[in-house]
Chemist: 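Provided herewith is a single structure, encoded as structure tokens, for subsequent inquiry.
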Amino acid sequence: MLYPLMTATRSVLSLNGIWSFKMQAAGEDLDATTPLVTDDVMAVPASFNDQTVNQDLREHDGYFWYERDFTVPTALLTQRLSLRFGSATHEAWVFVNGVAVGHHKGGFTPFELPINDAVQAGTNRLTVKLSNLLDHTTLPVGNYTETQDADGHTVAHVDENFDFFNYAGLHRNVNLLATPWNRVEDVTVTPTIDLAARHATVAISVTTTKPAGQVRVTLLDEAGTVVGTLAGRQGTVDLDEIHLWKPLNAYLYQAQVEILEDDQVVDSYTEPFGMRTVAVQAGQFLINGEPFYFKGFGKHEDFYVIGRGTNEALNVLDLNLLKRMGANSFRTSHYPYSEEMMRLCDREGIVVIDEVPAVGLMPNFSFDVSGAFNVTDPDFWANLGTREAHEQALHEMISRDKNHASVVIWSIANEPATFLPGAHDYFEPLFDLARKLDPQERPCTYINIMMSTPERDNCSDLADLLTLNRYYGWYLQTGDLKAAAAAQEKELRTWQAKYPDKPIMFTEFGADTVAGMHSAYNEPFSEEYQVAYYEMNTQIFDKIENFVGEQLWNFADFQTKFGINRIQGNKKGILTRSREPKAAAVWLSKRWNQIPNFNYKK
């Protein structure tokens, strides 16, 4: 899906701002044909949860409504009009002037709905009904139950089967789009690169809404100089003396696409793209033919007041902090991040592992990791109903992000129970689908949970590289870093022996740390323990031949559901939720700034 751009032929009108809002109470049945009756308002884009001081609303499981008026200029009625939502978490029904115009399920990818038949010149009413309900058929997975209130009404309850807060709402930009009826629907840019010759053959595929008209593609370099042209909806362009997109040294070309009728441009769209190669080879992860070392984080879209809402200033700050610490990458844990962040990563040269919202694919999330080693549920994967949602999520993520040079790996899931029988049958078709959908043939992986050891895991043969989440010294061997180091090294060497040609990296490792808590004895939760914990881990990393990266958990503290294991959320950040550094941030900065992005010699 194309990002919404204002061009000579297209208009993008923002519908962000203050919307009317109403929580649907148990037993209530609201009607979109009449305006909402409410005194409550919510800002868009943002989660609704932390904009309120009403505890019942903040923790509401069920349905809620947004509404606002918008204006359609008469001059735009001759064009195709549509509403585009960057995301609506987790399910949305959209009405214009009381007329149903569409529905989308899945809370982290965009959707667009045509509305010409429902609008008029002047003022129109836009109503969105949303649900934040999750169950064993959705992604993420939630544990859904129902009770009856005193009036006999059904009340829904969702217990997150994952360790982050179930923020919901209109999280990303909402726009009114006006485009030509004959318009560019999609653009796919796939460079094939000869590194030695500095040559690229760029395959371009353009989808239009109508077969009429001619398509013209013009390739521009960063200076705006024309470097190649193509006539037609599909074809290739040969480029010499190319500039490569490199980590922390980005270079972006532009593919300017035009539809012409009678020699007049009826639609135009420009898609940025970078040229780089990605490969897994002989235990190394190669970018542009050089062994790359991942330094970075798992993150969350999470901040005060806005919850999971898009904030471009925060995106800029986070990447500046990341670069200052010597990092070069992050994972979109545990869902695709905003399009604005992805475009910024392309521009800033940040390497991204792009992940679908397949989190919670395990029996009953628990902090007792040791107990989970004893889970034996032979029917778990057969009974899990997420297949359809999983396939849809892959389609939508890869369709949206296929042209991003920053994206080098697709993550098919986070911490699924691949130690249980049936996992391979579940995941093999999904890996096949991801590889079929991606024109750039990026490596694919899943994020391996701690219980999926080399002896127990059922899916590691499917992944192009081993991406492990491990918490030796925190959830296991808590406070005993000597024992943790021995256990961790033993497991990594077992993986190395089992798959001598697969790269290995950690995509999570961390220790909860309360900022300002200190201990002369390296007590858990202290800043001293967090530093010692990371020092222990990195000493082991540097002993493993095929170890290609360290993405710690987490970039910053983040909100979770209530629980005695969480104090105002997850405290594993090396930054506080407000982005203030803990001691570990200083220690990691010294380490990472001394490690080159390429050809790290251990």
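Heavy atoms only: backbone and side chains are in, while hydrogens, waters and symmetry mates are out.
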Chemist: Working to the nearest 0.5 angstrom, can you tell me the gap between L126 CG and L176 CG?
Modeler: 9.5 Å

Chemist: Using a distance-only test with no angle check, is there a side-chain donor-acceptor pair under 3.5 angstrom linking T109 and E396?
Modeler: yes

Chemist: Charged N to carboxylate O under 4.0 angstrom, R331 versus E508?
Modeler: yes

Chemist: Under 3.5 Å, is there a donor-acceptor pair between the side chain of N175 and the main chain of L177?
Modeler: no

Chemist: Measure from the ring center of Y600 to the ring center of F292 and say whether it is less than 6.0 Å.
Modeler: no

Chemist: Any carboxylate oxygen within less than 4.0 angstrom of a Lys/Arg side-chain nitrogen, looking at E261 and K210?
Modeler: no

Chemist: Tell me whether the rings of Y253 and F273 are parallel (<30°), tilted (30 to 60°) or perpendicular (>60°).
Modeler: parallel

Chemist: Assess the residue pair V359 and F164 against the criterion (side chain to side chain contact (heavy atoms under 4.5 Å, CB included)); give the C-alpha distance rounded to whole Å, side-chain angles, the decisive distance to 0.1 Å, and a yes or no.
Modeler: CA-CA 10 Å; V359 59; F164 54 95; 3.9 Å; yes

Chemist: If every non-hydrogen atom of W19 is compared with every non-hydrogen atom of V128, which pair is closest and at what distance?
Modeler: CZ3-CG2, 4.2 Å

Chemist: Less than 4.0 Å between a side-chain N and a carboxylate O, is that true for E112 and R183?
Modeler: yes

Chemist: Hey, are D557 and K572 close enough for a salt bridge, meaning a charged N less than 4.0 Å from a carboxylate O?
Modeler: no

Chemist: Does this structure show an ion pair linking K323 with E348, if we count only N-O contacts that are shorter than 4.0 Å?
Modeler: yes

Chemist: For side-chain hydrogen bond (donor to acceptor under 3.5 Å, both in side chains), just list the numbers for H243 and D221, CA-CA rounded to whole Å, side-chain angles, deciding distance to a tenth of an Å, and then say yes or no.
Modeler: CA-CA 9 Å; H243 299 275; D221 65 13; 5.6 Å; no

Chemist: Indicate yes or no for a side-chain donor-acceptor contact from H390 to the backbone of Q392 under 3.5 Å, with no hydrogens or angles considered.
Modeler: no

Chemist: State the CZ-OH distance between R347 and Y251, to the nearest 0.5 angstrom.
Modeler: 14.5 Å

Chemist: What's the shortest heavy-atom distance between F108 and P357, and which atoms?
Modeler: CD1-CB, 3.8 Å

Chemist: Strictly distance-based, threshold 3.5 Å: is any side-chain N or O of Q264 a donor or acceptor partner for the main-chain N or O of L260?
Modeler: no

Chemist: Between the side chains of E91 and H103, is a donor N or O closer than 3.5 angstrom to an acceptor N or O?
Modeler: yes

Chemist: Just do the side-chain hydrogen bond (donor to acceptor under 3.5 Å, both in side chains) check on N173 and R84 with the steps written out, would you?
Modeler: CA-CA 8 Å; N173 295 326; R84 189 184 192 278; over 6 Å; no

Chemist: Are R233 and T208 linked by a side-chain donor-acceptor pair shorter than 3.5 Å?
Modeler: yes

Chemist: Tell me, with the steps shown, if Q79 and N116 meet side-chain hydrogen bond (donor to acceptor under 3.5 Å, both in side chains).
Modeler: CA-CA 9 Å; Q79 291 194 293; N116 285 80; over 6 Å; no

Chemist: Determine whether V187 and L2 satisfy the following criterion, side chain to side chain contact (heavy atoms under 4.5 Å, CB included), listing intermediate values before the conclusion.
Modeler: CA-CA 8 Å; V187 180; L2 295 178; 4.2 Å; yes

Chemist: Show your reasoning for whether side chain to side chain contact (heavy atoms under 4.5 Å, CB included) applies to E340 and T310.
Modeler: CA-CA 8 Å; E340 290 74 22; T310 295; 4.0 Å; yes

Chemist: Any chance you could lay out the side chain to side chain contact (heavy atoms under 4.5 Å, CB included) test for L83 and V94, step after step, and finish with the verdict?
Modeler: CA-CA 9 Å; L83 292 168; V94 181; 4.1 Å; yes

Chemist: Whether the side chain of R198 engages the backbone of I242 through a donor-acceptor N/O pair (distance < 3.5 Å, no angle test) should be reported.
Modeler: yes

Chemist: Specify the closest pair of heavy atoms between G169 and Y66, including all atoms of both residues, with the distance to one decimal.
Modeler: CA-OH, 3.5 Å

Chemist: Can you tell me if N546 and Q284 form a side-chain donor-acceptor pair at under 3.5 Å?
Modeler: no

Chemist: Are more than 12 heavy atoms, taken from residues, nucleotides or ligands other than K246, located less than 6.0 Å from that residue's NZ atom?
Modeler: no

Chemist: Quick check on the 6.0 Å ring-centre criterion: do Y167 and F558 meet it?
Modeler: no

Chemist: Check this for me: does any side-chain nitrogen of one of E301 and R308 sit under 4.0 Å from a carboxylate oxygen of the other?
Modeler: no

Chemist: Could you give the distance from CG (N403) to CG (D346), rounded to the nearest 0.5 Å?
Modeler: 9.0 Å

Chemist: Are F506 and F294, when compared by the centres of their aromatic rings, separated by less than 6.0 Å?
Modeler: no

Chemist: CG/L433 to CG/L437 distance, rounded to the nearest 0.5 angstrom?
Modeler: 4.0 Å

Chemist: Decide yes or no on side-chain hydrogen bond (donor to acceptor under 3.5 Å, both in side chains) for D194 and H199, but give the supporting numbers first.
Modeler: CA-CA 5 Å; D194 185 331; H199 174 88; over 6 Å; no

Chemist: Look at the side chain of N328 and the backbone N and O of K295, then say whether any donor-acceptor pair between them is shorter than 3.5 Å.
Modeler: yes

Chemist: Check for a donor-acceptor pair, side chain of S333 on one end and backbone N or O of G298 on the other, with a separation under 3.5 Å.
Modeler: no

Chemist: Please check: side-chain N/O of K502 versus main-chain N/O of L466, any donor-acceptor pairing under 3.5 Å?
Modeler: no

Chemist: Can you tell me how far the CD1 atom of I204 sits from the OG1 atom of T190, to the nearest 0.5 Å?
Modeler: 9.0 Å

Chemist: Please step through ring pair (Phe, Tyr, Trp, His ring centres under 6.0 Å) for the pair H404 and W245, ending with a clear verdict.
Modeler: CA-CA 11 Å; H404 286 295; W245 186 96; over 10 Å; no

Chemist: Using a 6.0 Å cut-off, check whether atom CD of E222 has over 12 heavy atoms from anything other than its own residue.
Modeler: yes

Chemist: Quick one: which of Y337, F165, W553, F162 gives a ring-ring contact (aromatic ring centres under 6.0 Å, His included) with H300?
Modeler: W553

Chemist: Do you see a donor-acceptor pair shorter than 3.5 Å between the side chains of H171 and T89?
Modeler: yes

Chemist: Answer yes or no: is there an ion pair linking R435 with D464, defined by an N-O contact shorter than 4.0 Å?
Modeler: yes

Chemist: Can you tell me how far OG of S406 sits from CZ of R276, rounded to the nearest 0.5 angstrom?
Modeler: 8.0 Å

Chemist: So does T277 get a backbone contact from the side chain of N288, meaning a donor-acceptor N/O pair under 3.5 Å?
Modeler: yes

Chemist: Among T445, I353, D401, which residue satisfies the side-chain contact (heavy atoms from CB on, under 4.5 Å) criterion with W410?
Modeler: D401

Chemist: Between K402 and D438, is there a salt bridge with N-O shorter than 4.0 Å?
Modeler: no

Chemist: Are side-chain N/O atoms of E550 and Y293 paired as donor and acceptor at under 3.5 Å?
Modeler: yes

Chemist: Going by distance alone, is a donor N or O of one side chain under 3.5 Å from an acceptor N or O of the other, for R324 and N593?
Modeler: no

Chemist: Would you indicate whether K602, at its atom NZ, is surrounded by more than 12 heavy atoms from other residues, nucleotides or ligands within a distance under 6.0 Å?
Modeler: yes

Chemist: How about F330 and F297: are their ring centroids closer than 6.0 Å?
Modeler: no

Chemist: Salt-bridge test for E312 and R343: reply yes if a basic N is under 4.0 Å from a carboxylate O, no otherwise.
Modeler: no

Chemist: Below 4.0 angstrom, N of the basic side chain to O of the carboxylate: do R577 and D302 qualify?
Modeler: yes

Chemist: Between D267 and R10, does any side-chain N to carboxylate O distance fall below 4.0 Å?
Modeler: yes

Chemist: Step through the shown structure and confirm whether more than 12 heavy atoms of other residues, nucleotides or ligands are within 6.0 Å of CG on D262.
Modeler: no

